[in-house]
Amino acid sequence: MMPLGRLRQLTPKSIAARLALGSAVLVLAALIATGISTGIVLSRFIRDQIDQRLDTQIGAVTSALENRPSLPDVLTLNDPPPFDRHGAGWYWMATIDGHTYRSASLDGADITNRGSDHWWGGWHDGPADANTRPRPFNGVGPRGEPLYLRVQVVPTNGTWMTITASAPAHALVRPLRDALVPVILAMLALGILLAAASVLQMRLGLRPLKRVTKGLEDVRAGRASHIEGNQPRELRGLVGELNSLIKQNAEGLRRARGHVSNLGHALNTPLAALSLSLSGSRNRRDAERLRLVAEMQERIRHHLGRARAAALNGPAHISTAIRPRVLDLNVVLSKINAERGLNVAVDIPEALAVACEPQDLDEMLGNMLDNAFKWASSTISIKARNAGTQVLIEVADDGPGISMEKIHEVLQPGKRLDESIVGHGFGLSITRELAELYGGDLNLGKSSLGGLEVVVRLPGPVATNG
């Protein structure tokens with residue numbers, strides 16, 4: 001026997017494959033059982049019809065011979081078809097007290113009884129064979145053709161009369177074959193229809209599971225907050241538990257992100273102020289303190305980045321569309337700078353999104369756009385595009401720009417190149433830190449408009465199959 005472990009390895013892993021295999025086995029077993037039972041029923045029906053015809057002939061011969069005062073030398077019967085045709089296999093023969101009578105179709109030959117293939121049909125000599133109805137046997141005709149026999153031993157005038165009637169063996173096979181061929185074709189057609197119905201049933205039955213899977217993918221990719229749709233009764237409990245789990249995880253993740261953000265702001269703000277106050281001092285001890293503050297800032301940035309990355313890799317990923325938030329910020333900043341008449345061009349696809357918290361994206365975009373509105377002379381360009389699994393957000397202006405050697409200074413917290421412009425010098429550095437927390441970065445360069453170009457790279461939403 002096949003080991004249980006080996007049998008389990010051969011079991012299909014797919015539910016659809018298991019259902020298809022089980023359905024195929026059951027349908028095949030049902031068709032085989034139906035074919036066998038149909039063959040048995042048809043075989044019995046055909047045999048009963050032949051038995052009835054042979055028994056009728058035996059009864060006619062018995063009526064012609066019994067209760068006669070003397071046996072005739074020749075028994076003439078008006079044999080009905082097909083007992084009147086030579087060599088047709090339809091014969092009868094009667095033996096009584098040394099006399100043998102034959103049908104015209106035998107033409108003087110004899111039927112050879114070869115007994116029965118069945119345990120209940122053995123041939124016995126003597127009066128014990130007297131029976132009230134004929135019994136089946138196998139035989140051979142004058143030309144060696146196989147015959148199906150019906151034999152009856154009848155008592156008459158103190159002796160025993162044995163009457164045998166035969167039919168050709170093919171009379172049992174050919175009608176059965178002719179009847180079974182259309183039946184088998186019909187069953188094959190039925191099997192094909194049942195297979196198609198099983199496939200359709202599996203597709204319809206498993207479709208709700210596919211919808212649940214698609215709903216989970218949407219939640220994981222940030223396109224939905226829970227699994228929606230009118231689910232079948234059998235899946236409502238599962239979907240309800242999944243939605244509860246998603247809600248619980250999202251709430252825990254929201255609180256964790258809030259704590260991380262609050263902690264980052266609570267630590268970075270005083271450290272940035274302390275760094276700014278120490279940066280102008282020429283005291284050696286203040287320089288050492290400034291180095292320690294910078295080291296603390298770097299460590300805080302590192303550990304906060306790890307915490308934010310762990311949150312992003314959790315079960316509830318986020319997806320925030322870029323274009324609506326850029327348009328909202330543009331409306332606010334355009335009103336504030338309405339007297340300057342700046343021309344703002346926005347080129348961002350509607351569906352483009354990033355895997356970033358909305359409030360963090362707002363802060364990064366706000367800092368980038370605020371910087372562009374402060375320095376632009378007349379034109380601002382805002383673009384965003386996919387770059388593989390990343391998204392690039394580009395904000396360019398036609399202002400004075402920054403020389404390449406001073407770009408590093410701009411990204412230092414509190415560092416301002418022009419004190420005449422209102423600000424604190426933390427905007428771009430905070431934007432860079434937030435981008436790095438999400439696994440991205442911030443780069444500065446010269447724009448095609450002639451001013452500064454700020455490019456932020458952020459991760460795109462989680463890709464899903466299907």
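This is a predicted model, so every value here is computed, not measured.
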Query - Distance in Å, His170 NE2 paired with Leu176 CG, rounded so as to fall on 0.5 Å steps - result: 14.5 Å
Query raised in the report: Can you tell if the side chain of Leu452 reaches within under 4.5 Å of the side chain of Lys446, non-hydrogen atoms only?
Result: no
Query raised in the report: Are the side chains of Val456 and Leu458 in touch, meaning some heavy atoms are under 4.5 Å apart?
Result: yes
Query raised in the report: Among Arg432, Gln390, Arg457, which one satisfies side-chain hydrogen bond (donor to acceptor under 3.5 Å, both in side chains) with Asp441?
Result: Arg457
Report task. Considering non-hydrogen atoms only, spot the tightest contact between Val61 and Ala94 and give its length. Result -> CG1-CB, 3.8 Å
Requested in this report: Could you tell me whether the side chains of Tyr148 and Asn138 share a donor-acceptor contact shorter than 3.5 Å?
Outcome: no
Query raised in the report: Below 4.5 Å, heavy atoms only, C-beta onward: do Thr320 and Arg325 meet side chain to side chain?
Result: yes
Report task. Write down the atom of Leu149, the atom of Gly139, and the distance for their closest heavy-atom approach. Result -> CD1-CA, 3.7 Å
Query raised in the report: Is the backbone N or O of Glu453 less than 3.5 Å from a side-chain atom of Ser447, with the two atoms forming a donor-acceptor pair by type?
Result: no
Requested in this report: For the residue pair Leu242 and Val212, establish whether any side-chain heavy-atom pair is separated by less than 4.5 Å.
Outcome: yes
Requested in this report: Go through the steps for Asp110 and Arg102 under the test side chain to side chain contact (heavy atoms under 4.5 Å, CB included), then give the verdict.
Outcome: CA-CA 8 Å; Asp110 290 336; Arg102 302 174 180 85; 2.6 Å; yes
Query raised in the report: How far apart are the closest heavy atoms of Ile58 and Gln152, and which atoms are they?
Result: CG2-OE1, 3.4 Å
Query raised in the report: Any donor-acceptor pair under 3.5 Å linking the side chain of Thr34 with the backbone of Ala30?
Result: yes
Using distance only, find each side-chain donor-acceptor pair of residues 186-201 under 3.5 Å and give its atom names and separation, not counting sequence neighbours.
residue : atom : partner : partner atom : Å
Ser198  : OG   : Ser23   : OG           : 2.8
Ser198  : OG   : Leu194  : O            : 2.8

Report task. Would you mind reporting whether Tyr91 and Leu147 have side-chain heavy atoms less than 4.5 Å apart? Result -> yes
Query - Shortest non-hydrogen contact from Leu365 toward Leu329 - result: CB-CD1, 3.5 Å
Report summary line: In this structure, CE of Met161 is separated from NE2 of His99 (nearest 0.5 Å) by 13.5 Å
Query raised in the report: Roughly how far, to the nearest 0.5 Å, is the CG atom of Asp397 from the CZ atom of Phe373?
Result: 10.5 Å
Query raised in the report: Do Asp107 and Pro142 come within less than 4.5 Å of each other through their side chains, counting heavy atoms only?
Result: no
Query raised in the report: For Asp55, which residues count as a salt bridge (charged side-chain N to carboxylate O under 4.0 Å, His left out) partner, sequence neighbours excluded?
Result: Arg150
Report summary line: Across all chains, not counting sequence neighbours, the ring pair (Phe, Tyr, Trp, His ring centres under 6.0 Å) partners of Trp90 are Phe83
Requested in this report: Decide, yes or no, whether a salt bridge links Asp347 with Lys383 under the criterion of side-chain N to carboxylate O below 4.0 Å.
Outcome: no
Requested in this report: Show your working on side chain to side chain contact (heavy atoms under 4.5 Å, CB included) between Tyr101 and Ile96 and close with a plain yes or no.
Outcome: CA-CA 9 Å; Tyr101 304 98; Ile96 179 174; 3.8 Å; yes
Requested in this report: For residues Leu442 and Leu444, determine if any side-chain heavy atom of one lies less than 4.5 Å from a side-chain heavy atom of the other.
Outcome: yes
**Report entry** Ile227 CD1 to Leu245 CG distance, which is reported to the nearest 0.5 Å
**Finding:** 9.5 Å
Requested in this report: Hey, could you give me the OG1/CG distance between Thr164 and Leu54, rounded to the nearest 0.5 Å?
Outcome: 10.5 Å
Report task. For residues Val344 and Ser334, report the shortest heavy-atom separation together with the two atoms involved. Result -> CG2-OG, 4.5 Å
**Report entry** Side chains of Val151 and Ile163 in contact at under 4.5 Å (non-hydrogen atoms)
**Finding:** no
Requested in this report: Answer with yes or no whether the side chains of Asn343 and Thr379 bring together a donor and an acceptor at under 3.5 Å.
Outcome: no
Report task. To the nearest 0.5 angstrom, please state how far the CG atom of Leu369 sits from the CD1 atom of Ile393. Result -> 9.5 Å
Report summary line: Note: Cys356 and Met364 closest approach over all heavy atoms is SG-CE, 3.6 Å
**Report entry** Steps toward side chain to side chain contact (heavy atoms under 4.5 Å, CB included) verdict (Glu363, Thr431)
**Finding:** CA-CA 7 Å; Glu363 184 166 358; Thr431 300; over 6 Å; no
Requested in this report: Show the numbers, then the answer: is there a side chain to side chain contact (heavy atoms under 4.5 Å, CB included) between Val41 and Thr38?
Outcome: CA-CA 5 Å; Val41 170; Thr38 302; 5.8 Å; no
